[in-house]
Amino acid sequence: MESTRLQKVSRQIQKDLAEYFQRNSQAYLGKLITVTVVRVSPDLSFAKVYLSIFPVDKAAEVMEAVELTKIEIRHDLARKVRHQLRKVPELGFYLDDSIDYELNIERLLND
């Protein structure tokens, strides 16, 4: 169970990253990137960021672009949360495929 502090930090990081991807969408092939979940470690040193990318067929290319700009993303995040956090967590980006999974289950149930 996450503490209230971890939940607040996760929500703040999610909000700030969503704003970053919205502002810089052209750098990511103009695709729609949604930050679905952020999970922060208890010591606030690492954050797992789950991204949902539309259209799905370009997800691998967009994830490569995100990995290449990970340092820039963290730097931008640091400017946003510098008054709330002493140290900005390292960011790990993962593809959130829960929507694909849900659509597959729905398709199987309909058949």
Side-chain angles (χ1 to χ4, degrees):
M1 182 159 170
E2 288 187 339
S3 69
T4 305
R5 170 84 171 141
L6 286 178
Q7 290 173 353
K8 286 182 180 181
V9 169
S10 294
R11 280 194 305 261
Q12 186 63 44
I13 291 173
Q14 182 177 6
K15 178 181 165 276
D16 291 338
L17 288 177
E19 288 174 3
Y20 173 83
F21 286 122
Q22 185 177 15
R23 269 193 332 267
N24 300 307
S25 66
Q26 291 305 315
Y28 302 103
L29 310 171
K31 306 304 178 209
L32 179 65
I33 301 174
T34 306
V35 181
T36 54
V37 178
V38 175
R39 293 199 175 105
V40 180
S41 66
D43 62 353
L44 301 175
S45 65
F46 188 77
K48 288 184 177 181
V49 180
Y50 292 90
L51 303 175
S52 177
I53 300 167
F54 185 80
V56 179
D57 59 335
K58 301 290 183 181
E61 296 171 19
V62 174
M63 287 302 290
E64 285 179 23
V66 169
E67 285 297 323
L68 289 174
T69 58
K70 188 189 299 193
I71 294 171
E72 177 187 328
I73 295 169
R74 186 170 182 241
H75 179 71
D76 187 73
L77 179 64
R79 285 186 300 146
K80 294 263 186 179
V81 298
R82 69 176 179 242
H83 298 297
Q84 289 93 12
L85 298 174
R86 260 187 227 162
K87 184 177 181 238
V88 178
E90 291 291 327
L91 301 174
F93 293 99
Y94 302 93
L95 186 61
D96 185 4
D97 58 354
S98 60
I99 294 173
D100 296 332
Y101 182 74
E102 178 183 330
L103 292 174
N104 188 33
I105 294 294
E106 187 175 318
R107 183 184 54 80
L108 290 172
L109 289 173
N110 288 336
D111 287 346

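One is the number of the first residue; the rest follow in order along the sequence.
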Less than 4.5 Å apart, side chain to side chain, heavy atoms only: is that true for [X] and [Y]?
X   : Y   : value
I53 : Y28 : no
L51 : T34 : no
Q14 : V37 : no
F93 : I73 : yes
L29 : E61 : yes
V38 : V40 : yes
V49 : L17 : yes
E64 : E67 : no

Answer with yes or no whether the side chains of D96 and T36 bring together a donor and an acceptor at under 3.5 Å.
yes
Hey, are R107 and N110 close enough side-chain-wise for a donor-acceptor pair under 3.5 Å?
no
Is [X] atom [atom1] crowded by more than 12 heavy atoms from other residues, nucleotides or ligands, each under 6.0 Å away?
X    : atom1 : answer
Y94  : OH    : yes
R74  : CZ    : yes
I105 : CD1   : yes
K8   : NZ    : no
Q84  : CD    : yes

Using atom types as modelled and distance alone, determine if a side-chain donor or acceptor of T69 lies under 3.5 Å from a backbone N or O of A65.
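Yes; at least one donor-acceptor contact below 3.5 Å.
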Is there a donor-acceptor pair under 3.5 Å between the side chain of E90 and the backbone N or O of A47?
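It does not hold such a pair.
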To the nearest 0.5 Å, tell me how far [X] [atom1] sits from [Y] [atom2].
X    : Y    : atom1 : atom2 : value
D111 : E106 : CG    : CD    : 11.0 Å
R79  : D16  : CZ    : CG    : 11.0 Å
K31  : M63  : NZ    : CE    : 15.5 Å
I13  : L91  : CD1   : CG    : 7.0 Å

Scanning both residues in full, the closest heavy-atom pair of F46 with P89 reads N-CB, 3.8 Å
Of all the heavy-atom pairs spanning A18 and V35, show the shortest one and how long it is.
N-CG2, 3.9 Å
Enumerate the residue pairs fulfilling salt bridge (charged side-chain N to carboxylate O under 4.0 Å, His left out) with a member in residues 18-27, sequence neighbours excluded, ordered by first and then second residue.
K15-E19, E19-K80, R23-D76
If hydrophobic clusters are built from ILVMFWY residues whose side chains come within less than 4.5 Å, do Y20 and Y50 share one?
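As far as the 4.5 Å side-chain criterion goes, Y50 and Y20 are not connected within one cluster.
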